[in-house]
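Heads up, the thing below is written out as structure tokens.
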Amino acid sequence: MLKEKVILILENTLNKLYPEIPLEIICDTPKNLQHGDISVNVAMQLAKPLGKPPRLIAEEIIENIQSDSQVIENIEIAGPGFINFKFNKSFINSSLSKILELGVNYGRQNIGTGKNVNVEYVSANPTGLLHLGHGRNAVIGDTVANLYQWLGFNVTREYYFNNAGNQMNNLAKSIFARYMQIENPDYDFPEDGYHGEYIKLIAEDLKKEFPIELKGEEKEVLELCRKKGEEWCFAKIKQTLQRMQISQDIFYNEDSLYKDGKIEEVIQIFKNLGLAYEKDGALWLKLSEMGLENDRVIVKSSGEPTYRLPDIAYHREKFRRGYDLIVDVFGADHIATVPDVIAGVKALGYEPDKVKVLIHQFVSLTENGELVKMSKRTGKSYTLDDLLEEVGEDVVRFFLLMRGIGTHLEFDLSLAREQSDKNPVFYLQYAHARICSIFDKAGEIDLKNVDLSLLNSEEEQNLIKKIFLFPETIRASANKFEAQILTEYLRDLAGLFHVFYHNCRIIGTEHNLANARLSLALATRNVLSNGLKILGISAPERM
RNA sequence: GCGCUCGUAGCUCAGUUGGAUAGAGCAUCAGCCUUCUAAGCUGAGGGUCAGUGGUUCGAGUCCACUCGGGCGUACCA
């Protein structure tokens with residue numbers, strides 16, 4: 001809002017003064033309030049091409065700037081050659097009225113209109129319950145999808161899964177063994193089976209359905225176990241996701257790539273391109289000719305494809321559906337597939353830059369400073385459901401979002417459990433609840449008859465300026481695929497509100513001033529509630 | 001070994017496309033409730049930004065190397 005204004009003014013001036021030098025004007029919101037509202041470093045950038053000291057250039061620029069004193073109050077040179085713009089309060093306040101007109105839609109943008117984005121996340125195979133790593137994946141993907149929706153993109157949320165292959169066979173065998181153990185505790189459990197308690201629950205369900213022993217360990221019996229296991233796990237997974245406000249549009253089954261002949265098609269294309277060859281009974285992809293280090297097997301000598309092939313075929317299908325942006329959310333353990341898929345789709349003639357892979361690091365759970373073990377093997381693993389049960393949806397989502405995706409996330413269970421000021425989620429929610437409470441007591445405001453020019457104090461001005469930054473914060477958060485940028489912004493905003501609340505009373509003050517402050521509180525509430533909505537966190541009216 | 005990634009206050013982490021005096025929360029210490037929710041506010045202490053060198057007006061941020069943690073490096077996914 002303020003930045004656009006400065007860019008406009010400077011473009012005119014610079015085109016007049018130095019038309020031959022192309023320059024990108026970079027605006028900065030200074031940390032130090034004494035440096036004005038917007039700071040610009042063009043003079044330093046011009047120092048070299050012009051061969052003049054930056055402060056001299058800055059003076060030249062300022063002398064030639066044509067600006068309305070109703071908009072910009074003051075322009076000054078500072079430090080090595082910064083040009084600092086200080087806006088007139090009346091301009092700031094009139095900008096606030098535009099935000100108030102937008103109401104609950106403030107923050108929504110249309111830069112993505114007509115463009116399609118696909119975000120694939122969670123994508124856990126139905127072999128068990130979701131754990132914390134899945135939770136981080138889910139919340140990252142869901143929030144990225146929300147961000148793009150707010151920018152006006154048409155967003156498809158997708159879940160990719162595999163209900164065939166080794167893992168599922170293993171699940172079937174594990175269920176069958178538990179089923180048999182109900183009557184015969186000595187029945188052998190497979191060496192590499194799934195040890196989780198949930199397998200027993202599935203087996204018990206099966207026992208109710210088929211009280212008389214299923215015969216033998218034959219294909220049909222295992223198929224039944226597999227199917228039962230898949231259904232059971234998916235029901236649980238969807239239930240857990242729903243609890244976190246997550247629902248996806250497409251569940252894409254890897255198996256359909258085989259059934260619809262897509263795997264075979266891709267093999268043929270690679271062969272036709274001369275990028276696939278047979279060796280040792282397996283089919284290899286010539287990744288060495290596609291910019292990578294080594295060739296890799298795409299079809300094993302057993303005839304089964306390796307994970308690379310369906311991954312490439314799947315991405316090809318996503319391209320064929322016509323997305324402008326394809327986002328994959330992966331845990332750090334799946335990083336190896338990324339270069340292969342990128343090289344693969346490129347070889348198939350698609351634009352690899354349209355694929356954005358988000359790799360997030362692992363989550364560890366601590367309690368009172370000690371690491372809580374999460375082992376799949378022992379079955380003692382701490383599931384996402386356990387966590388939701390213990391600390392609630394809002395806390396889980398916020399904790400999983402408040403760190404950059406590249407860092408290892410330490411989930412502090414003791415802190416998360418804390419229903420107090422130590423818990424950072426409440427800081428945001430509390431600000432929202434406080435505003436709602438004011439409105440309960442103050443009643444309605446008449447937005448048409450508000451004199452915003454009364455908002456002169458430092459607390460008020462700082463809060464307004466922060467509110468201005470909301471749209472660009474959403475953009476930055478989406479462009480960088482970092483929800484954390486938004487969580488940090490909301491914490492700052494809540495902080496500024498709390499200061500405003502403390503120093504600027506509403507109820508009991510003079511009517512016009514109270515109205516103006518109520519307007520500001522309303523704008524703040526809209527931003528908080530919209531921001532929390534994007535994060536998938538509730539904005540309570542009372543706490 | 002090679003690839004990716006991270007290393008910032010006692011702890012957990014921010015730090016926009018390089019910008020001005022490196023920030024926040026927790027913890028520690030000192031204050032603020034006859035006034036709209038104290039889940040709040042105000043103040044204090046706390047730093048060799050892992051290290052070395054380089055790029056330039058200017059580096060926590062970019063480059064190279066070193067050290068240390070995580071992940072990967074399959075005819076597993």
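Here is the naming used below: chain letters follow the sequence lines, and residue numbers restart at 1 for every chain.
- Residue-to-nucleotide contacts include a donor-acceptor pair under 3.5 Å from the side chain of A:Asn84 to the base of B:A20.
- For the P atoms, the distance linking B:U34 with B:U28 amounts to 25 Å, nearest Å.
- Nucleotide B:C75 holds its C1' atom 14 Å from the CG atom of A:Asp340, rounded to whole Å.
- In this structure, A:Pro54 and A:Pro80 both approach RNA chain B, and ranking their closest nucleotides by distance from the 5' end singles out A:Pro80.
- Note on A:Tyr501: a base of the nucleic acid sits closer than 4.0 angstrom, heavy atoms only.
- The gap from the P atom of B:C63 to that of B:G25 amounts to 32 Å, rounded to the nearest Å.
- A donor-acceptor distance shorter than 3.5 angstrom exists from the side chain of A:Asn137 to the backbone of A:Val329, with no hydrogens or angles considered.
- Using a 4.0 Å heavy-atom cutoff across all strands shown, A:Gly404 reaches sugar-phosphate atoms only and no base atom.
- A:Gln361 places its CD atom 12 Å from the P atom of B:C13, with the value rounded to the nearest Å.
- Residue A:Ala282 is in base contact, counting any heavy-atom pair closer than 4.0 Å across all strands shown.
- Contact check, A:Arg434 against B:A38: a side-chain N or O comes under 4.0 Å of OP1 or OP2.
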Margin query: Go through it in stages, so that I can follow the logic: the residues are A:Leu147 and A:Leu486, the test is side chain to side chain contact (heavy atoms under 4.5 Å, CB included), and I'd like the CA-CA distance, side-chain angles, deciding distance and then a yes or no.
Written below: CA-CA 10 Å; A:Leu147 283 164; A:Leu486 182 56; 4.3 Å; yes

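- When heavy atoms are screened at a 4.0 angstrom cut-off, A:Cys504 is found touching base atoms of the nucleic acid.
- A salt bridge is absent between A:Glu158 and A:Lys318: the closest approach of a Lys/Arg side-chain nitrogen to an acidic carboxylate oxygen does not fall below 4.0 angstrom.
- Side-chain atoms of A:Asn162 and A:Gln167 form no donor-acceptor pair, as typed in the model, at a separation below 3.5 Å.
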Note to self: For a side-chain hydrogen bond (donor to acceptor under 3.5 Å, both in side chains) check, start with the C-alpha distance between A:Asp28 and A:His35, then their side-chain angles and the critical distance, and finish with the verdict.
What the structure shows: CA-CA 10 Å; A:Asp28 197 33; A:His35 296 143; over 6 Å; no

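- In this structure, the nucleotide among B:A39, B:U37, B:C13 sitting nearest to the side chain of A:Lys441 is B:U37.
- If you take atom P in B:A24 and the same atom in B:A14, they sit 16 Å apart, rounded to whole Å.
- Contacts of A:Glu541 with the nucleic acid, taken as non-hydrogen atoms under 4.0 Å apart, include base atoms.
- If you check distances only, the side chain of A:Asp333 never reaches the base of B:G72 with a donor-acceptor pair under 3.5 Å.
- Checked against B:A74, B:U42, B:C75, the side chain of A:Trp284 finds its nearest nucleotide in B:C75.
- Between A:Gln429 and B:A39, a side-chain N or O to OP1/OP2 separation shorter than 4.0 Å is absent.
- Taking atom NE2 of A:His502 as the reference point, atom P of B:U37 lies 13 Å away to the nearest angstrom.
- Whole-Å rounding puts the A:Tyr430 OH to B:A38 C1' distance at 6 Å.
- Spacing between atom CD of A:Glu304 and atom C1' of B:A77 amounts to 12 Å, rounded to whole angstrom units.
- Within the nucleic acid shown, A:Asp280 comes within 4.0 Å of at least one base atom, counting heavy atoms only.
- At a cut-off of 3.5 angstrom, counting only N and O atoms as typed in the model, there is a donor on one side and an acceptor on the other between the side-chain of A:Tyr307 and the base of B:A77.
- A:Gly406 comes within 4.0 angstrom of the backbone, heavy atoms only, and of no base.
- Between the side chain of A:Thr306 and the base of B:A74, no donor-acceptor pair under 3.5 Å is found.
- Rounding to whole angstrom units, CD of residue A:Glu293 and P of B:G3 are separated by 9 Å.
- With both ends at atom P, the span from B:G23 to B:G47 equals 13 Å, rounded to whole Å.
- Between the CZ atom of A:Phe399 and the C1' atom of B:C13 there is a distance of 12 Å, rounded to whole Å.
- Note on A:Arg296: only backbone sugar-phosphate atoms sit closer than 4.0 angstrom, heavy atoms only; bases stay farther off.
- Contact annotation for A:Ile506: base contact, defined as any heavy-atom pair under 4.0 Å involving a base atom.
- Note on A:Thr407: a side-chain N or O is less than 4.0 Å away from OP1 or OP2 of B:A14.
- As judged by a 4.0 angstrom heavy-atom cut-off over every strand, A:Asn170 is placed among residues making no nucleic acid contact.
- Checking A:Asp295 against A:Tyr277 by side-chain atom types alone, a donor-acceptor pair falls below 3.5 Å.
- Anti is the conformation of B:C41, whose glycosidic angle sits further than 90° from 0.
- If you take atom C1' in B:G60 and the same atom in B:U16, they sit 14 Å apart, rounded to whole Å.
- Base pairing annotation: B:C2 forms a Watson-Crick or G-U wobble pair with B:G72, both donor-acceptor distances under 3.5 Å.
- Using a 4.0 Å cut-off between a side-chain N of Lys or Arg and a carboxylate O of Asp or Glu, A:Lys465 and A:Asp37 qualify as a salt bridge.
- Between A:Pro310 and A:Pro305 there is a side-chain heavy-atom pair separated by less than 4.5 Å.
- Note on A:Ala431: nothing from the nucleic acid sits closer than 4.0 angstrom, heavy atoms only.
- A stacking contact between A:His408 and B:G70 is absent: the pair does not combine a ring-centre distance of less than 5.5 Å to the base's six-membered ring with planes differing by less than 30°.
- The distance between atom CD of A:Glu410 and atom P of B:A14, rounded to the nearest whole Å, is 12 Å.
- Taking only side-chain atoms of A:Phe362, from C-beta outward, the nucleotide of B:A74, B:C71, B:U42 with the closest atom is B:C71.
- Base engagement by A:Ala78 is indicated by at least one non-hydrogen atom pair under 4.0 Å involving a base atom.
- When each of B:G40, B:C76, B:U12 is scored by its nearest atom to the side-chain atoms of A:Tyr427, the top-ranked nucleotide is B:G40.
- The nucleotide whose nearest atom lies closest to any side-chain atom of A:Gln167 is, among B:A14, B:C57, B:A77, B:A77.
- Only the P atoms considered, B:G54 is 29 Å distant from B:G10, to the nearest whole Å.
- Relative to the side chain of A:Lys31, the nucleotides B:U37, B:A20, B:C75 differ in distance, and B:A20 lies closest.
- Geometrically, A:Arg525 engages A:Phe439 in a cation-pi contact defined by less than 6.0 Å to the ring centre and at most 45° from the axis.
- Within the 4.0 angstrom heavy-atom criterion, base atoms lie near A:Ser437.
- A distance-only check finds a donor-acceptor pair linking the side chain of A:Gln248 to the backbone of A:Tyr121 [under 3.5 Å].
- When distances run from any side-chain atom of A:Lys480 to the nucleotides B:U17, B:C36, B:A77, the shortest one goes to B:U17.
- Judged by distance alone, with hydrogens and angles left aside, A:Ser302 brings no side-chain donor or acceptor close enough to the base of B:C75 to form a pair under 3.5 Å.
- In this entry B:G19 has B:C57 as its Watson-Crick or G-U wobble partner, both defining distances falling under 3.5 Å.
- Closest to the side chain of A:Val297, from the set B:C71, B:C75, B:U12, is B:C75.
- Between B:C75, B:C71, B:G40, one nucleotide has an atom nearer to the side chain of A:His498 than all others, and that is B:G40.
- Across all strands, A:Ser39 comes closer than 4.0 Å to base atoms (heavy-atom distances).
- Between B:G19, B:A77, B:A20, one nucleotide has an atom nearer to the side chain of A:Asn41 than all others, and that is B:G19.
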